[in-house]
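In listed order, ligands and their atoms are each counted from 1. Model, not experiment: these values are computed from the prediction.
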Amino acid sequence: MKITIVAGARPNFIKIAPIIKAIEKKQNEGALISYRLVHTGQHYDKSLSDTFFEELNIPQPNSNLEVKSGSQSVQTAAIMVAFEQELLQNSCDLVLVVGDVNSTMACAIVAKKMNIKVAHVEAGIRSGDITMPEEINRIVTDSISDYFFTTSLWANENLLKYGISKEKIHFVGNVMIDTLYQNLNRIKKPVFWDEYKLEFENYIILTLHRPSNVDEEQSLQQLLLDIDALATDKKVIFPVHPRTKAILGEKKLNFKNILCVEPQGYLAFMYLIKNSFAVITDSGGISEETTVLGISCFTMRENTERPETQLIGTNTLVGIGIEKLRKIYSSFLKNGKRESGIPELWDGKTSERIIDILLHQN
Ligand code: UDP
């Protein structure tokens, strides 16, 4: 079986790493399975791409489509044009896409139009917010995939509601958590740990990159100043996403607690998360990792496509703007962490389950 694996953006790289390891394990056991890795080039900044390949030991891509930035449509179209050529030159039995970025949707459409089967890893999640580009990517990808690998039974239900037949849906768990477990004993102090005099469980991690939080310069600046004040005696480590950096520009804000740093590699970032007091973010992936690590996470969004992080895990939605965060954070300071657990099948073995299923169905 020949699989073409697609990855385009930071969270994709984290998700494909354990899938490739699971394929290589099967190859070593003699299974007839091979893969070709295609990097679309959606994220090309070293800190969002190369660093992850190096740290997670992901093999160099067989092909890089080098599409780079562009508007939603320009980028999607560029990926489609280049990926069609890729598939014409390199045939395969199955295209495997992960997550919900433009590369996920664009490559699924191209493959399906060429009558190639598509497997979607992290299928079925829905925020219900169609203004998010990711939600459109999820809906389109799930409307044409052949194999649906899900992280939760909520995702299964969403797919069933869309009329996907039960046999195509496989609840396997979370590949992002495979990567977390595979690397927990490799996490490493970031270079600035001593310089910033960081102490265990006494600093906050902040990440923001979603349009609803960062696209308007004035409100972004105000939000950061408000978070700076809310942190009172705690340092706030803020790895600034290139998207957010472009909006903030060179202007230096006068922070008391916030320390802006470059986007971190996976190993340093996980070290920071694991040892933090709390996390404030608008990332979906981080709300999953904090759930597994038992770190309180406050998500600056009105909705989530990952309800299990809220209902079982440590995630609390605090909406957009500072008001609700202020209230919820102050009650967290008073009452401490709430009880939480780890969602079913988030056990580090998801990628192996996926490859087993693919091998047995072909
Ligand atoms: N991440 C990282 N370094 C950082 C910020 C995030 O390694 O400085 C990792 C994080 O742990 C998570 C993933 O990147 O695994 C999430 O990526 P992102 O926030 O870009 O995507 P989203 O979760 O919003 O789809």
Engineer: Looking only at side chains, do Y266 and T51 share a donor and an acceptor under 3.5 Å apart?
Structural biologist: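 Y266 vs T51: no donor-acceptor pair found between side chains.
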Engineer: Who are the side chain to side chain donor-acceptor pair (under 3.5 Å) partners of S219, not counting sequence neighbours?
Structural biologist: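 If we apply the side chain to side chain donor-acceptor pair (under 3.5 Å) test to S219, skipping adjacent residues, the hits are E216.
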Engineer: So, is E289 polar-close to ligand 1, with some N/O to N/O distance under 3.5 Å?
Structural biologist: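 In this structure, E289 places an N or O atom under 3.5 Å from an N or O of ligand 1.
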Engineer: Considering only heavy atoms, does R210 approach ligand 1 within less than 4.0 Å through its side chain, its backbone, both, or neither?
Structural biologist: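 The side chain, only.
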Engineer: What residue and heavy atom of the protein are closest to atom 1 (N) of ligand 1, and at what distance?
Structural biologist: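 In this structure, atom 1 (N) of ligand 1 has F269 CD2, 3.5 Å as its nearest protein heavy atom.
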Engineer: Please answer whether the main-chain N or O of C92 pairs with a side-chain N or O of R36 as donor and acceptor at a distance below 3.5 Å.
Structural biologist: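 Checked: no pair found.
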Engineer: Which of the numbered atoms in ligand 1 are under 4.0 angstrom from any heavy atom belonging to Y266?
Structural biologist: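 In order of numbering, the contacting atoms are 7 (O).
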Engineer: How long is the span from the CG atom in N174 to the OG atom in S152, to the nearest 0.5 Å?
Structural biologist: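 It is 9.5 Å, given to the nearest 0.5 Å.
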Engineer: At a non-hydrogen distance cut-off of under 4.0 Å, which region of R10 contacts ligand 1 (side chain, backbone, both, or neither)?
Structural biologist: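 For R10, the contact with ligand 1 is made by the side chain alone.
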Engineer: Which of the numbered atoms in ligand 1 are below 4.0 angstrom from a heavy atom of F52?
Structural biologist: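 Under 4.0 Å from F52, ligand 1 has these atoms: 2 (C), 7 (O).
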Engineer: Taking atom types as modelled, find out whether Q222 and D226 have a side-chain donor-acceptor pair closer than 3.5 angstrom.
Structural biologist: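 D226 and Q222 do have a side-chain donor-acceptor pair below 3.5 Å.
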Engineer: Under 4.0 Å from a heavy atom of P263: give me the atoms of ligand 1 that qualify, with their elements.
Structural biologist: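 Taking each heavy atom of P263 in turn, ligand 1 has 8 (O) under 4.0 Å.
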Engineer: In the protein, which heavy atom is nearest to atom 13 (C) of ligand 1, and how far is it?
Structural biologist: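 Result for atom 13 (C) of ligand 1: I14 CD1, 3.6 Å.
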Engineer: Please tabulate, one pair per line, all N/O donor-acceptor pairs under 3.5 Å involving side-chain atoms of residues 317-327, not counting sequence neighbours.
Structural biologist:
{"unit_1": "E323", "atom_1": "OE2", "unit_2": "R326", "atom_2": "NH1", "d": "3.2"}

Engineer: Please determine whether any non-hydrogen atom of E262 lies less than 4.0 Å from an atom of ligand 1.
Structural biologist: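 Checking ligand 1 against E262, which is what was asked, there is no heavy-atom contact under 4.0 Å.
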Engineer: Tell me which protein heavy atom sits closest to atom 21 (O) of ligand 1, plus the residue, atom name and distance to 0.1 Å.
Structural biologist: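 Nearest neighbour among protein heavy atoms for atom 21 (O) of ligand 1, to 0.1 Å: P11 CG, 3.5 Å.
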Engineer: Does the residue H209 have a heavy-atom contact with ligand 1, meaning some pair of atoms that are separated by less than 4.0 Å?
Structural biologist: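 Flag set, H209 near ligand 1.
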Engineer: As an exercise, identify every atom of ligand 1 less than 4.0 angstrom from a heavy atom of M270.
Structural biologist: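 With M270 as reference, the close atoms of ligand 1 come out as 11 (O).
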Engineer: For atom 8 (O) of ligand 1, state which one of E55, Q264, R306 supplies the nearest heavy atom.
Structural biologist: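 Shortest heavy-atom distance from atom 8 (O) of ligand 1: Q264.
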Engineer: I want to know whether F200 and W193 have ring centres closer than 6.0 Å.
Structural biologist: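 For F200 and W193, the ring centres are under 6.0 Å apart.
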Engineer: Backbone or side chain, does any N or O of S283 fall under 3.5 Å from an N or O of ligand 1?
Structural biologist: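 S283 vs ligand 1: N/O contact under 3.5 Å present.
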Engineer: Working note: H170 + F149, criterion ring-ring contact (aromatic ring centres under 6.0 Å, His included); need CA distance, chi angles, decisive distance, verdict.
Structural biologist: CA-CA 5 Å; H170 307 277; F149 294 109; 5.4 Å; yes
Engineer: May I ask you to check whether G285 has an N/O atom sitting below 3.5 Å from an N/O atom of ligand 1?
Structural biologist: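 Yes, there is a polar N/O contact under 3.5 Å.
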Engineer: For the backbone of N137 and the side chain of D100, can you confirm whether one donor and one acceptor N or O come within less than 3.5 Å of each other?
Structural biologist: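 Pair absent, no side-chain N/O of D100 close to backbone of N137.
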Engineer: With backbone taken as N, CA, C and O and side chain as the heavy atoms from C-beta onward, which portion of P239 lies under 4.0 Å from ligand 1: side chain, backbone, both, or neither?
Structural biologist: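 Answer for P239: side chain.
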Engineer: Do K235's NZ or CZ and the ring of Y196 fall within the cation-pi criteria of under 6.0 Å and 45°?
Structural biologist: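 That pair does not qualify as a cation-pi contact.
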